[in-house]
Amino acid sequence: MPLPDLVLSSIDDHVALITVNDPDRRNAVTGEMSAQLRSAVKRAEADPDVHAVVVTGAGKAFCAGADLSALGAAGGGAAESGLQRIYDGFMAVGNCRLPTIAAVNGAAVGAGLNLALAADVRIAGPTAVFDARFQKLGLHPGGGATWMMQRAVGPQVARAALLFGMRFDAEAALRHGLALEVADDPVAAALQLAAGPAAAPREVVLATKATMRATISPGATDAEHHEYAKRTELGPQVYSIQSPEFASRLAAARRGR
């Protein structure tokens, strides 16, 4: 039996539109969805007709974070490998050699915020919400969230989000630099923005992004910084998942669904 299409992909005018597609569960990330997202990104990268990638969510949410059952299953001895599977999709977006835009059409929570942060640019819809949510669950940030958030908004706002639980609606995201713009139709706005690299020679687009990665912090690319942050966060996140406090909060969150 074929796997369900948890990620949809289409190509038009040199732009790949990738949609995480589990709207009944607000596009919550599972290992299976993450693997399909990685595959979609890799196909876009390998296609000489694709010059840019737009990522969005089906339905009303962008991505409501890691599936709680998947997080619970990541406990025990398989914690690290389970978390790596959840990270895999947004890490592929973060490592993509093509320009990437997140069209954030609704809630981007936890791992969903990571997916938005992994893109080069974020465009927020009017109902977008950016919410780290890690502390509320008793969970240490993971997947490079500490580095991505500080890169996007600077140390003070990142600390407000990750240490103090600050969440951002669309206008707050714009004000703090988390979103480039707010648009009634964020996918249409993202596709319009992507028309820039779509009209340029692909080799110039690839080279420009590679150079920007190399020059943002001389001596290491941003992908290397992201990988280092992910590895640094992994141990504390595993420890937090295995704590009784997380188990209690996870059970309460499941009851509240």
Has the side chain of Glu45 got a donor or acceptor atom that lies under 3.5 Å from a matching backbone atom of Leu98?
no

Any donor-acceptor pair under 3.5 Å linking the side chain of Glu181 with the backbone of Leu174?
no

May I ask you to test the Glu227-Met91 pair for a side-chain heavy-atom distance under 4.5 Å?
yes

Would you indicate whether the side-chain heavy atoms of Ile241 and Leu139 approach each other to under 4.5 Å?
yes

Audit row: Ile11, Asp47, side-chain contact (heavy atoms from CB on, under 4.5 Å) steps and yes/no
CA-CA 10 Å; Ile11 298 170; Asp47 188 337; 3.3 Å; yes

Just wondering, do Arg159 and Met166 contact through their side chains at under 4.5 Å, heavy atoms?
no

For Ala145 and Asn114, which heavy atoms make the closest approach, and how far apart are they?
CB-OD1, 3.3 Å

So which of Thr211, Val204, Val205 actually passes side-chain contact (heavy atoms from CB on, under 4.5 Å) with Thr208?
Val204

Quick check against the 3.5 Å criterion: does Gln36 have a side-chain atom that pairs as donor or acceptor with the backbone of Leu6?
yes

Go through the steps to decide whether Leu193 and Ile101 satisfy the test side-chain contact (heavy atoms from CB on, under 4.5 Å), and finish with yes or no.
CA-CA 9 Å; Leu193 184 64; Ile101 306 169; 3.8 Å; yes

Transitively linked via ILVMFWY side-chain contacts under 4.5 Å: Met148 with Leu83?
yes

Side-chain heavy-atom pair Val53, Ile18 within 4.5 angstrom cut-off
yes

Testing the basics here: between Arg202 and Ala44, what is the closest heavy-atom pair and its distance to 0.1 Å?
NH2-O, 3.7 Å

Do Val187 and Ile123 land in one hydrophobic cluster if side-chain heavy atoms of ILVMFWY residues count as linked below 4.5 Å?
yes

Before accepting this row, confirm whether a basic side-chain N of the pair Lys209/Asp120 lies closer than 4.0 Å to the acidic partner's carboxylate O.
yes

Spatial distance of atom CG (Leu117) from atom CG (Leu178) [nearest 0.5 Å]
6.0 Å

Keeping Ser248 on the side-chain end and Pro244 on the backbone end, is there a donor-acceptor pair under 3.5 Å?
no

Counting N and O atoms only, with roles assigned by atom type, does the side chain of Arg133 sit under 3.5 Å from a partner on the main chain of Gly110, one being a donor and the other an acceptor?
no

Taking side chain as C-beta onward, heavy atoms only, is Val15 less than 4.5 Å from Val50?
no

Examine distances only and state if a side-chain atom of Ser34 and a backbone atom of Arg85 form a donor-acceptor pair shorter than 3.5 Å.
yes

Shortest non-hydrogen pair, Tyr87 vs Leu234, comes out as OH-CD1, 3.8 Å

Donor-acceptor pair, Arg167 side chain versus Ala132 backbone, under 3.5 Å?
no

Establish, from distance only, whether the side-chain atoms of Thr56 and Asn105 form a donor-acceptor pair under 3.5 Å.
yes

Counting only heavy atoms from other residues, nucleotides and ligands, does the tally under 6.0 Å from CZ of Arg213 exceed 12?
yes

Atom of Phe90, atom of Ala111 and distance for their closest heavy-atom approach
CD2-O, 3.9 Å

Assess whether side-chain contact (heavy atoms from CB on, under 4.5 Å) is satisfied between Thr100 and Val55, documenting all intermediate values.
CA-CA 8 Å; Thr100 54; Val55 179; 5.8 Å; no

Can you find a pair of side-chain heavy atoms, one from Thr146 and one from Leu162, that are under 4.5 Å apart?
yes

Contact between Val54 and Leu191 at the side-chain level, heavy atoms closer than 4.5 Å - yes or no?
yes

Any idea how His225 and Trp147 line up, ring-wise: parallel (<30°), tilted (30 to 60°), or perpendicular (>60°)?
parallel

SB check Asp22 Arg25 (cutoff 4.0 Å):
yes

May I ask whether Leu37 and Leu17 are part of the same hydrophobic cluster, defined by side-chain heavy atoms of I, L, V, M, F, W, Y residues being less than 4.5 angstrom apart, directly or through others?
no

Test your reading of the model: is there a side-chain donor-acceptor pair from Asn27 to the backbone of Ala58, 3.5 Å cut-off?
yes

State, to 0.1 Å, how close Val29 and Cys63 come at their nearest heavy-atom pair, and which atoms those are.
CG2-SG, 3.3 Å

Mark yes when over 12 heavy atoms from residues, nucleotides or ligands other than Leu163 sit less than 6.0 Å from its CG; otherwise mark no.
yes

Does Asp13 CG have over 12 foreign heavy atoms under 6.0 Å away?
no

Approximate separation, where rounding is to 0.5 Å, of Met149 CE and Phe130 CZ
9.0 Å

Quick check on the hydrophobic clustering: are Phe62 and Val41 connected, directly or via other members, by side-chain heavy-atom contacts under 4.5 Å?
yes

Give a yes or no answer on whether the side chain of Glu233 reaches the backbone of Gly144 with a donor-acceptor pair at less than 3.5 Å.
yes

Please report the interatomic distance CG(Asn21) to CG(Asp5), rounded to the nearest 0.5 Å.
7.0 Å

State, to 0.1 Å, how close Ala116 and Val104 come at their nearest heavy-atom pair, and which atoms those are.
CB-CG2, 4.0 Å

Single-linkage hydrophobic cluster, 4.5 Å side-chain cutoff, Val182 and Val121 together:
no

Under 3.5 Å donor-acceptor, His51 side chain and Pro197 backbone:
yes

State yes or no: are the ring centers of His140 and Phe134 separated by less than 6.0 Å?
no

Met33 CE to Leu115 CG distance, which is reported to the nearest 0.5 Å
9.5 Å

Drop me the distance from His226's NE2 to Arg151's CZ, to the nearest 0.5 angstrom.
7.5 Å

Is it true that atom NZ of Lys42 has more than 12 heavy atoms of other residues, nucleotides or ligands lying nearer than 6.0 Å?
yes

Which value, rounded to the nearest 0.5 Å, describes the distance between Asp88 atom CG and Arg38 atom CZ?
4.0 Å

